[in-house]
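Report on the following structure.
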Amino acid sequence: MNFDFSPEENAFREEVRQFIADNYPKHLSESRRAEFSKEDFLSWHRVLAEKGWVAPHWPEEYGGPGWSVTQRYIFDDECAKANTLIVLPFGVTMLGPVLMHYANDAQKAHYLPRILSGEDWWCQGYSEPGSGSDLASLKTKAERDGDEYVVNGHKIWTTLAQHADWMFCLVRTAQEDKPQKGISFLLIDMNSPGIEVRPIITIDGSHEVNEVFLTDVRVPAENLVGEEGNGWGIAKFLLGNERTGIAGVARSKNAVKRLKEISCAELVDGEPLIEDSDFKKKISELEIDLLALEYTELRTLAAESAGRGPGAESSILKIKGTEIQQKVTELIMEAVGTYSLPKIPMLDSGANYNLVGPDYSHGASQNYFNMRKTAIYGGTNEVQRNIIAKFVLGL
Amino acid sequence: MNFDFSPEENAFREEVRQFIADNYPKHLSESRRAEFSKEDFLSWHRVLAEKGWVAPHWPEEYGGPGWSVTQRYIFDDECAKANTLIVLPFGVTMLGPVLMHYANDAQKAHYLPRILSGEDWWCQGYSEPGSGSDLASLKTKAERDGDEYVVNGHKIWTTLAQHADWMFCLVRTAQEDKPQKGISFLLIDMNSPGIEVRPIITIDGSHEVNEVFLTDVRVPAENLVGEEGNGWGIAKFLLGNERTGIAGVARSKNAVKRLKEISCAELVDGEPLIEDSDFKKKISELEIDLLALEYTELRTLAAESAGRGPGAESSILKIKGTEIQQKVTELIMEAVGTYSLPKIPMLDSGANYNLVGPDYSHGASQNYFNMRKTAIYGGTNEVQRNIIAKFVLGL
Amino acid sequence: MDFDFTEEQTLLRNMVQSFVQDNYDFDSRMAIARSETGMSRDNWSQFAELGLLAAPFDESLGGLGGGAIDTMIITEEFGKGLVTEPFLPTVVLCGGLLERHASDAQKDAHLPPLIGGEKIWALAYSEPKSRFNPANVQTTAKQDGDGFVLNGLKSVVNGGPWADYLIVSARTSGEGWQQEGISLFIVDKSADGVAAQDYETIDGGRAADISFENVKLGADALIGSLDNGLPLLEEALDYGIAALCGESIGGMHKAHQATVEYCKTRNQFGVAIGSFQALQHRMVDMFMEYEQSVSLTYMVNMHVGSDAASRARAASAAKVQIGKAGRYIGQSAVHLHGGMGMSEELNVGHYFKRLTAIDAQLGSIDYHLKRFASSEAA
Amino acid sequence: MDFDFTEEQTLLRNMVQSFVQDNYDFDSRMAIARSETGMSRDNWSQFAELGLLAAPFDESLGGLGGGAIDTMIITEEFGKGLVTEPFLPTVVLCGGLLERHASDAQKDAHLPPLIGGEKIWALAYSEPKSRFNPANVQTTAKQDGDGFVLNGLKSVVNGGPWADYLIVSARTSGEGWQQEGISLFIVDKSADGVAAQDYETIDGGRAADISFENVKLGADALIGSLDNGLPLLEEALDYGIAALCGESIGGMHKAHQATVEYCKTRNQFGVAIGSFQALQHRMVDMFMEYEQSVSLTYMVNMHVGSDAASRARAASAAKVQIGKAGRYIGQSAVHLHGGMGMSEELNVGHYFKRLTAIDAQLGSIDYHLKRFASSEAA
């Protein structure tokens with residue numbers, strides 16, 4: 001039992017830090033915007049892709065960097081410390097491993113390099129209006145017609161679909177007795193005729209999610225991943241991968257740092273808020289929770305690198321991780337006090353809006369509103385608790 | 001809408017206060033013991049009975065004082081402020097109203113005066129080892145044999161049964177398709193042959209509850225209350241009455257007062273604990289919860305005196321009341337610090353035990369342990385939430 | 001001891017309820033909140049016609065004599081409708097302050113147009129670093145002949161963009177967060193040197209940061225006596241809290257109700273999600289917090305007229321309760337609606353946002369917990 | 001980065017597990033706890049024979065060189081068995097302090113009989129109003145020729161009734177809660193002027209309040225240098241916390257496990273109560289708190305040897321976590337057992353009581369939250 005970094009690992013950390021300092025796009029680090037454009041995300045993605053670091057957990061044969069678990073941890077940590085944009089998970093984290101595991105050679109050869117390069121922007125077509133926690137009840141239908149599928153249905157909560165070139169999509173290819181059966185995993189070109197993307201504006205005023213309407217969309221049968229009717233297994237495989245990344249420890253550490261900076265700047269009757277006993281206590285409680293989660297994640301990673309797990313225990317990372325993400329935005333909102341009230345316009349509202357209050361207050365409440373989603377998506381925290389109850393506690 | 005006391009009500013408060021000051025047994029007010037004897041309880045009971053105040057909510061025709069809801073509130077408040085022993089609820093609060101509502105004239109004439117006078121000490125024979133929250137599954141059997149019932153079974157958690165003269169008891173007189181059917185309400189003389197009372201020592205070291213084993217106990221058929229097989233309705237009627245008293249607002253106010261006194265005496269690096277910002281905050285949060293509960297209870301009482309309720313809303317009083325009772329004992333335990341560790345011997349352990357630490361620390365932890373029961377008895381707080389979900393929210 | 005509403009109070013509630021039902025359905029509300037101005041002058045005129053703007057004031061001043069209880073009834077119904085119009089700043093905060101402490105001349109000049117719906121008022125007391133404490137005043141009013149010269153910046157003035165008049169707190173002596181030396185002034189928002197930066201707030205309301213640069217005030221602008229404005233301001237804020245509690249329980253009620261209804265009808269795994277015990281218990285906890293909030297809302301509105309210490313204790317207790325309950329109910333309502341709760345198109349997210357905003361108005365949970373702790377029970 | 005145990009560590013765990021299974025089943029444990037003495041000398045001798053009392057010490061001192069990790073393994077298994085014997089005060093608190101800071105002569109004299117199980121030690125640092133802060137010392141040691149004269153009262157000394165030797169903190173200069181001026185002394189409990197009032201503790205353990213009246217100490221009683229005892233004491237307490245965390249997660253594990261098993265087998269309404277979602281989710285929350293506690297227990301035991309600031313931060317974070325988790329898991333375990341949880345005859349109540357007592361040992365949640373807040377990350 002040992003938690004010291006080796007000299008090699010420390011050197012690696014230095015290399016990552018220097019690379020980010022030298023290569024992170026200037027226009028991003030100087031930005032104060034609340035929303036980022038497609039091009040913003042891609043600019044950083046391409047830098048990492050060029051370096052070969054865009055997909056830390058991919059095997060080397062597919063273009064991954066061949067890092068150890070510890071190196072991946074260090075890389076995430078440094079990116080968070082530098083407050084870089086994230087690499088969007090839809091292609092790299094979610095679809096990539098699915099393709100490696102289930103796709104045929106032609107599919108791998110075609111799609112994986114385009115994910116790495118950022119040429120294809122992917123979105124996830126899972127949820128439907130009637131199928132949220134109960135994903136298996138999905139209704140979007142794909143009927144075989146010659147060497148094509150004809151897809152009809154209605155997806156919802158599709159994150160950043162407005163930018164997407166492709167959607168990986170769960171569709172029903174057969175009606176079976178059990179709803180889990182008859183589901184297939186299909187790759188759909190978002191430029192296909194019959195696809196309509198309608199924005200959903202969320203309570204923070206942002207446009208992240210969408211409805212996607214599919215009307216007689218024709219998809220080549222070769223876009224099926226795995227076998228017809230085996231989509232449920234793929235869906236579960238993918239959701240398992242989604243959960244492990246969701247703890248967000250490094251990002252939360254960064255957010256706590258910001259919270260502390262704000263608390264140093266805000267005053268309570270002339271004294272810094274961070275000296276206020278009550279508020280300091282809230283920060284400490286959050287920090288301790290986060291420290292515990294960090295070690296829980298490290299334990300999970302260590303078990304993983306020893307070939308065990310991640311099992312249902314990774315649901316802990318989702319639950320605790322999102323609770324902490326929500327809490328830190330809540331405390332930042334509290335910290336900025338009355339200046340949590342002004343509403344900050346989003347990216348497309350034009351620039352001639354006069355902002356009041358200190359810079360750090362801008363969007364504090366909206367960020368808090370936005371983070372409410374984290375306990376809902378990727379399987380609600382109730383569903384995660386059901387998973388632990390069933391698969392870990394045997395209840 | 002008005003919450004001022006009338007001059008008459010204020011005068012009544014003064015009368016109650018004076019009566020307690022003049023008549024509360026001296027040996028009780030000077031006692032520092034953790035447990036009280038049967039005679040202790042009875043000494044105060046008899047004083048109140050003599051005055052006609054022992055059963056505030058009984059109608060005058062049965063010997064109640066004919067008080068308004070407000071007067072009952074004031075009386076409870078003053079008793080709590082003076083930290084009197086309680087009048088045990090089994091006879092007065094629980095059985096009394098049942099008899100008035102369901103018993104025949106002979107039963108009323110015999111039992112009610114003896115409840116008032118304290119001549120009969122009652123205990124409640126409801127729970128069984130296999131029947132806690134699911135009370136209707138009870139198995140204790142009463143078989144008719146001539147003009148007697150022969151009772152066999154096993155009751156548990158029977159509070160103060162070691163002192164009891166009588167037990168009101170739920171028994172199964174018939175096997176029916178629905179478990180709620182076939183239950184009857186029987187009054188059993190605790191001196192009957194075949195009754196064995198075995199103590200259960202609880203985690204605080206006290207002896208409050210017991211197991212009661214009934215083996216071929218012969219009970220006169222005239223001891224049946226209501227009709228055979230109608231016991232379930234009586235049980236529900238009784239549990240409804242039990243819940244309203246359970247908020248314990250006046251007693252909790254007194255406990256908060258004690259908590260504050262202790263926090264004035266305890267020091268943090270030389271300053272009174274009550275000046276410690278964190279601890280002060282905990283006390284304030286508790287006080288605000290309790291203030292809210294006080295007004296929730298007053299609203300319930302007002303609705304009751306206007307002929308509405310108490311409906312399932314009274315479950316709120318049970319849940320919130322017990323949460324607060326638990327919290328205040330928890331904070332008292334925290335307040336006494338390291339001196340929460342010594343264990344205080346109970347009544348029957350002999351007197352030659354050296355106590356360490358300040359008086360107010362004695363039994364702080366054991367009281368905290370003891371209060372864990374409040375969320376369990378009288379219908380667990382989960383059962384209360386189920387009741388609200390079903391009957392108030394319609395879920 | 002009486003928790004029942006009088007017949008007149010019940011009639012008032014029915015009237016406001018009808019108004020909200022007829023004129024303030026969710027779509028109408030969103031149209032108003034998203035409009036350029038963010039309020040409806042038509043509605044404001046109707047409030048005046050219906051006597052709502054007159055409700056709390058004494059009859060001798062042209063009011064209906066309803067006091068805090070009537071105010072609470074109105075704000076509770078407004079809370080259900082997410083009404084954006086500036087009832088709280090105009091009628092409760094400024095109107096009440098004028099009624100209790102203005103000179104007869106000031107009352108004569110200002111109350112009739114306020115009650116008549118012709119003039120809108122806002123209370124400009126908070127400053128960029130004042131953090132809820134009304135004693136933290138940097139804005140100054142220097143004596144200048146008979147009158148005063150006002151300089152400073154007031155932040156997040158609720159209803160500021162619509163106000164014709166402001167009541168402004170300023171230091172006439174002392175410094176920092178001293179209790180003494182604060183005075184209250186009536187300021188015409190159109191006066192020279194007054195500049196407002198208007199903006200939308202997170203709950204669809206409107207506020208402004210308002211700066212004062214050498215604004216000249218006459219002697220008749222002072223409310224009450226010089227240097228003694230803080231107790232008047234604290235009192236006004238406590239009345240404001242009592243009214244805000246009403247609005248809050250109105251919003252909680254709707255958010256909870258919408259959640260229960262949603263969970264009864266939303267099916268997953270072949271059953272209504274409201275049949276899941278964990279969700280049921282969370283809705284029960286929301287309900288209990290709502291009921292506890294109702295209790296302290298009644299309590300504060302019954303006690304807001306008592307002595308300063310009891311009033312402060314009651315107001316702070318109630319504000320802590322509605323702050324916590326509002327947060328819990330708002331968060332839970334969104335969460336139990338799942339993805340739908342995140343959508344701007346559904347009402348539940350707007351109750352959540354309004355309840356969130358209420359915590360940052362008139363002092364947060366933390367501020368009032370401390371204020372409660374430093375008060376003592378009467 | 002390595003979270004795996006070595007083969008030796010796994011062997012050690014298996015050995016302690018076997019011992020607890022064979023000698024410390026619930027009935028045996030209760031018999032020991034309820035006995036007049038409250039511990040078993042036989043067990044203590046066996047601990048010595050098995051090398052448990054030698055485990056953490058350096059091999060040069062007759063130890064097995066296992067350090068904090070081996071200590072944690074032992075205390076975790078002891079926590080599962082609710083072991084009452086004074087491993088923490090003797091081996092971890094006093095033994096560790098002697099190892100790190102005693103003179104060679106002191107080590108030679110005291111460590112062999114300690115490791116051999118012949119002498120029991122206790123750390124007498126807390127005082128009636130010191131409230132967890134080891135700098136709050138009223139007990140005095142005045143210089144007297146070559147030696148010292150000790151006067152004062154130490155409260156709730158864990159394991160005090162069994163101790164042959166004490167390490168006592170006393171003021172040799174300064175006052176109140178000054179950091180400087182505290183010195184540590186080895187005191188023979190049988191010395192003239194030492195008087196102990198022994199008692200049982202709520203968790204079945206034993207403690208004592210110990211008074212010192214003109215107790216004469218030789219110069220060789222002083223550990224380390226004069227007036228500089230506080231850092232040594234803080235360090236010892238942090239090592240104690242690291243070990244106590246191990247005990248705590250052992251207890252949490254058993255309390256949680258017992259609860260899950262009970263809920264699987266207890267039937268109500270025709271089904272196992274473990275099928276109710278609200279109860280399931282509570283058990284999941286218990287499990288998560290347990291896992292988070294394991295994480296910080298590992299963390300503190302890996303960091304307890306670092307610089308003072310990192311060590312303090314790690315220890316306080318871990319103590320807060322196990323304090324909160326212990327309370328939540330203990331309360332929930334009793335509650336989910338229903339009436340049975342309240343019974344002295346079932347093991348679950350005893351885990352609850354031990355977890356409760358742990359929070360009051362070596363500094364409470366509140367104390368360590370403040371200590372954590374005043375520390376800074378390295």
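Small disclaimer: the values here were computed from a predicted structure and weren't measured. So that the names make sense, note that chain A is the first sequence line, chain B the second, and so on, each numbered from 1.
Minimum heavy-atom separation, D:Gly338 to B:Ile376: O-CD1, 3.4 Å. Heavy-atom minimum distance, B:Thr338 versus D:Ser126: CG2-OG, 4.4 Å. Shortest non-hydrogen contact noted between B:Pro342 and D:Ile202 is O-CG2, 3.8 Å. Closest heavy-atom contact between B:Leu267 and D:Arg131: O-CD, 3.2 Å. Across every non-hydrogen atom of B:Gly337 and D:Ala360, the tightest pair is O-CB, 4.4 Å.
In this structure, OG1 in B:Thr374 is found 8.5 Å from CE in D:Met342, a value given to the nearest 0.5 Å. Atom OG1 of D:Thr356 is separated from atom CE of B:Met333 by 5.5 Å, given to the nearest 0.5 angstrom. Remark: D:Glu345 CD to B:Thr202 OG1 distance equals 11.0 Å, nearest 0.5 Å.
Other residues, nucleotides and ligands contribute more than 12 heavy atoms inside 6.0 Å of the NZ atom of D:Lys264.
Under the 30°/60° scheme for interplanar angles, the aromatic rings of B:Tyr368 and D:Phe352 are found to be tilted.
Looking at D:Asn267, the atoms closer than 4.5 Å to chain B (heavy atoms on both sides) all sit in the backbone: N, CA, C or O. Heavy atoms closer than 4.5 Å to chain B are found in the side chain of D:Arg266, but not in its backbone. Interface residue D:Ala357: backbone and side-chain heavy atoms are both found under 4.5 Å from chain B. Residue D:Leu279 touches chain B through its side chain alone, counting heavy-atom pairs closer than 4.5 Å.
Chain B forms more heavy-atom pairs under 4.5 Å with one residue of D:Ser155, D:Ser130, D:Ala278 than with any other, namely D:Ser155. Ranked by heavy-atom pairs shorter than 4.5 Å toward chain D, the options B:Ser133, B:Ser137, B:Ser365 are led by B:Ser133. When B:Thr380, B:Ile156, B:Asp278, B:Asn381 are compared by the number of non-hydrogen pairs under 4.5 Å with chain D, B:Asp278 comes out ahead. Considering only heavy-atom pairs separated by less than 4.5 Å from chain B, the leading option among D:Leu369, D:Val334, D:Asp366 is D:Asp366. In terms of non-hydrogen atom pairs under 4.5 Å with chain D, the most contact-rich of B:Arg385, B:Gln326, B:Glu266 is B:Glu266. Residue with the most contacts toward chain B among D:Asn136, D:Asn158, D:Val156: D:Val156 (heavy-atom pairs, distance under 4.5 Å).
Proximity of a side-chain donor or acceptor of D:Lys353 to a complementary backbone N or O of B:Gln366 within less than 3.5 Å is not detected. Looking at D:Glu344, its side chain never comes within 3.5 Å of a backbone N or O of B:Ile201 through a donor-acceptor pair.
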Assess the residue pair D:Gln331 and B:Glu330 against the criterion (side-chain hydrogen bond (donor to acceptor under 3.5 Å, both in side chains)); give the C-alpha distance rounded to whole Å, side-chain angles, the decisive distance to 0.1 Å, and a yes or no. CA-CA 11 Å; D:Gln331 290 177 348; B:Glu330 187 169 331; 3.0 Å; yes

Check the pair D:Met340 / B:Trp157 against side-chain contact (heavy atoms from CB on, under 4.5 Å), numbers first and verdict last. CA-CA 9 Å; D:Met340 291 308 298; B:Trp157 315 122; 3.7 Å; yes

